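Read the structure below first, then the notes.
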Amino acid sequence: MEQDVSVFLSRLARTLRPRSEQWAGLLMERTRGELPELWQHEDLARRAVSETADHVTGFLDALEHGRDAAEAQAPPAALELARAFADDGVPLSTLLRAYRLGHIGLLQLLMEESTRLTDDRRLAEAATLRLIATGFAYVDRSAEQVVIAYQEVRDRRVQRRLLITNEAGRRIGTTLDTTRTAEELAEVGTDGFADLVAVDLLDSALRGEEPLPPTEPPSLRRVAQRSVLEGCPDSPVATGGRPVYAPESAPSEVLATGLPILLRLTAPDGPTWLVPPGPPRFAFHSVLLLPLYARGTTLGLAQFVRHRTPAPFDEDDLLLAQEIAARAAVYIDNARRYTHERTTALTLQRSLLPQRLAAQSAVETAARYLPSGSSAGVGGDWYDVIPLSGGRVALVVGDVVGRGLHAAATMGRLRTAVRAFADIDLMPDELLTHLDDVVIRLQREEGREDGELSATCLYAVYDPASRLCALASAGHVAPVVALPATGSARTTAEAASVPILPIGPPLGLGGLPFETVQWELPEGSLLALYTDGLIQSRAREVGASLTLLRDTLGEASAPSLSPEQVCDRLLSTLLPERPADDVALLVARTMALDPGHVATLNLPSDFAAVAGARRFATDTLSAWGLDELSFATELIVSELVTNAIRYGKPPVHLRLVLDSALTCEVFDSNSTAPHMRRARTFDEGGRGLLLVAQLAERWGTRHGREGKTIWAEQALP
């Protein structure tokens, strides 16, 4: 019986061999009804007919020659088709189910034919059993080989996916720049994955604002795109242009829903938002549209397009693109948040700095503030020019340690404190001591560790009457001073130098002293006060930068150059590129009061000297052509000199200064400051300072090492 079955099956195989292609067609028709998803891939479905015919032929060969079906080799076309299924993203379960359906269909056809070839029931039953066993052995063996071929491709795809994911992690998000991050996404996407990548961002995201829900049509800008073709000829929108998406279009749907879309295109003329105008030149066949979504906010849209790569995008590609886009969206949102915080901090910083420097009779000034070009953020650098009594002026430069909004806000608080302390005419070292206390208080209020909140500050006071400049430093770099040119030739080192200045500790350490030094400056001297960002450069050492600063300031000390021009020259020489750190620069050219506008009188500690002081004031104002102010000035001088003789200590000096205002100053060596008090009805005194306050626009006290000066300022008629 065994031999009869083998002979029968061999005859059956020879009989059916000419009909193998016909049977392959029948099997494919049966499979189409069971697996309609397989026919979505039309090119693969066409190849599957030939592959099925090869399987039928191979199985019939095993029956005809009595070979062991478990040793059969799957046809090469079957292995190639399995690889194509893997490339196209067809699930392995679908492929194996197709094999099972084909196996069952082929066995049914063979059993139907076997009953036609014999009337021997026992032979037919034995042949059927042999067919079933051989069929299972064949389909198991061929399916095993097909799965291996399929899995090899899938493994390569997984490795490729991991490689692209790793590349995305390495290459995307290297900066805190929104546009550059979008460009990095496009570069990674076209590196062996897509033929064209375009990135569109909402206007609000580009401005660093909190993105709003997309409008209809959404207001977008194409910030980056990259193609495998030079110049992106396959894109309908240029970089920097504004793509327009109709409300019913797929991109608008992605922006509205936040869900990705995989599009398969069959028509040569695709949607207008994808295809460049003119005759069709590119065979667009698949598109991935992904929202750039991070932290609950839609930032824009990323498009991945294929037209040169034959294989269309599949579900695995969609997952990979989602992973890349999600990573890029987080970095873009980081850049957006950084841009928002930087813009806010910079706006706050600029609003806290002087909007314009008031004209001074003591100095001619110009200033610059440059935010850093790095990703560190806006710092706490500041400068200020503060008018003081007697025509003097305070020049301030400082730097708060840290970056961002907190540094800018702290800078504003310290600048306000400096102005308040300057208003009571503290000496530079005393002012820095009080400012040090302010920083320590801020540390305690904010619960910061010692030194965590810190700042540096340089405070200088210039007196145009004496041409003396007094300054003190709290951890800040010393200024550079350029003296005016004289008749004799001089070297650059002689023209500009850094004065010897004891640098005190930074603000916030507490308990350490500051020291004031002073020296005389000729009229027309240039002072450059700056923060360390001006001399810190990647290209030069600090010492070389400081030498360059001195040389440049010395060359620019000619009177023909204004402080504005000096500022520009210093910045262009020292900072040819965007600075790595914030820079505050304050340039001042000193001026001197005409000696004829300063009148001084030494007074004995005797009340009889008050009358002489009044006459001196009247005669001086008459010589200056200010007779209108004589009456008020006599009263002010009388009250101030009387108080100095009564409550102060000798020597007593009276000084009248004519500048933008008329200032009366009385000095005595007693450090006790006067104060106004409320005089009762029958009191004989106590109204002097009240009278002075009514007659003068401003009045106050400033303390020195050897005593105090009471001053009162009147506006000129």
Side-chain angles (χ1 to χ4, degrees), residues 175-177 208-210 334-355 367-386 395-422 431-432 434-459 473-477 503-510 514 529-538 542 571 575 578-586:
T175 67
L176 282 173
D177 181 84
E209 301 170 358
E210 198 66 32
N334 289 343
R336 177 193 66 80
R337 289 167 178 256
Y338 164 74
T339 301
H340 175 70
E341 180 174 342
R342 177 181 172 82
T343 303
T344 304
L346 188 56
T347 302
L348 176 62
Q349 176 98 345
R350 294 192 184 280
S351 68
L352 294 174
L353 291 173
Q355 300 304 304
R368 297 287 187 273
Y369 170 74
L370 297 180
S372 70
S374 70
S375 61
V378 176
D381 297 26
W382 91 89
Y383 60 86
D384 209 347
V385 178
I386 308 171
L395 306 173
V396 191
V397 169
D399 185 2
V400 175
V401 175
R403 288 286 183 273
L405 284 172
H406 184 269
T410 303
M411 177 274 289
R413 299 168 80 175
L414 295 186
R415 177 173 175 253
T416 302
V418 169
R419 281 188 159 260
F421 296 143
L431 183 142
L432 293 180
H434 286 284
L435 195 61
D436 188 39
D437 293 338
V438 170
V439 175
I440 293 173
R441 262 198 318 274
L442 291 177
Q443 290 176 349
R444 292 170 180 168
E445 290 173 2
E446 298 177 11
R448 293 172 174 261
E449 298 293 334
D450 291 345
E452 188 176 349
L453 174 61
S454 182
T456 65
C457 183
L458 180 71
Y459 185 81
S473 169
H476 203 88
V477 290
I503 306 296
L507 301 171
L509 297 184
F514 303 99
L529 288 73
Y530 58 93
T531 55
D532 54 8
L534 183 66
I535 58 175
Q536 289 180 345
S537 170
R538 300 183 183 93
V542 173
L571 293 178
L575 300 173
R578 295 183 67 184
D581 192 8
D582 287 34
V583 175
L585 172 64
L586 176 60

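Bear in mind that the values here come from a model prediction, so they are computed numbers and not experimental data.
- Nearest heavy-atom pair across L431 and V418 is CD1-O, 3.9 Å.
- Atom CG of D381 and atom CG of L585 lie 11.0 Å apart (nearest 0.5 Å).
- The two residues Y383 and R368 make their nearest non-hydrogen contact at CE2-O, 4.1 Å.
- Note that CG of D437 and CG of L442 are 11.0 Å apart. Values are rounded to the nearest 0.5 Å.
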| field | Steps toward side-chain contact (heavy atoms from CB on, under 4.5 Å) verdict (L435, C457) | value | CA-CA 9 Å; L435 195 61; C457 183; 4.2 Å; yes
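- Atom CD1 of I535 is separated from atom CG of L575 by 10.5 Å, given to the nearest 0.5 angstrom.
- Scored by the salt bridge (charged side-chain N to carboxylate O under 4.0 Å, His left out) test, D532 finds no partners at all (sequence neighbours excluded).
- With hydrogens and angles disregarded, a donor-acceptor distance shorter than 3.5 Å links the side chain of S454 to the backbone of L507.
- Counted by atom type alone, D399 and T531 present zero donor-acceptor pairs between their side chains at under 3.5 Å.
- Without hydrogens or angle criteria, H476 side chain to Y530 main chain gives a donor-acceptor distance under 3.5 Å.
- Interatomic distance, CD1 of I503 versus OG1 of T456, reported as 10.0 Å (0.5 Å rounding).
- Between the CG atom of D436 and the CZ atom of F514 there is a distance of 4.5 Å, given to the nearest 0.5 Å.
- Separation of atoms CD1 (I386) and CZ (F421) is listed at 11.5 Å; rounding is to 0.5 Å.
- When side chains are defined from C-beta on, V477 does not count as touching L458, because their heavy atoms never get closer than 4.5 Å.
- Among all heavy-atom pairs drawn from L432 and A474, the shortest one is CD1-N, 3.7 Å.
- A search for side-chain contact (heavy atoms from CB on, under 4.5 Å) contacts involving A335 returns T178, not counting sequence neighbours.
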| Pair L370-L571, side-chain contact (heavy atoms from CB on, under 4.5 Å): steps then yes or no | CA-CA 10 Å; L370 297 180; L571 293 178; 4.0 Å; yes
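- In this structure the side chain of V385 reaches within 4.5 angstrom of the side chain of L395, judged on heavy atoms.
- For R441, the salt bridge (charged side-chain N to carboxylate O under 4.0 Å, His left out) test picks out no residue, with sequence neighbours left out.
- Residues L453 and Q443 approach most closely at O-NE2, 2.6 Å, considering heavy atoms.
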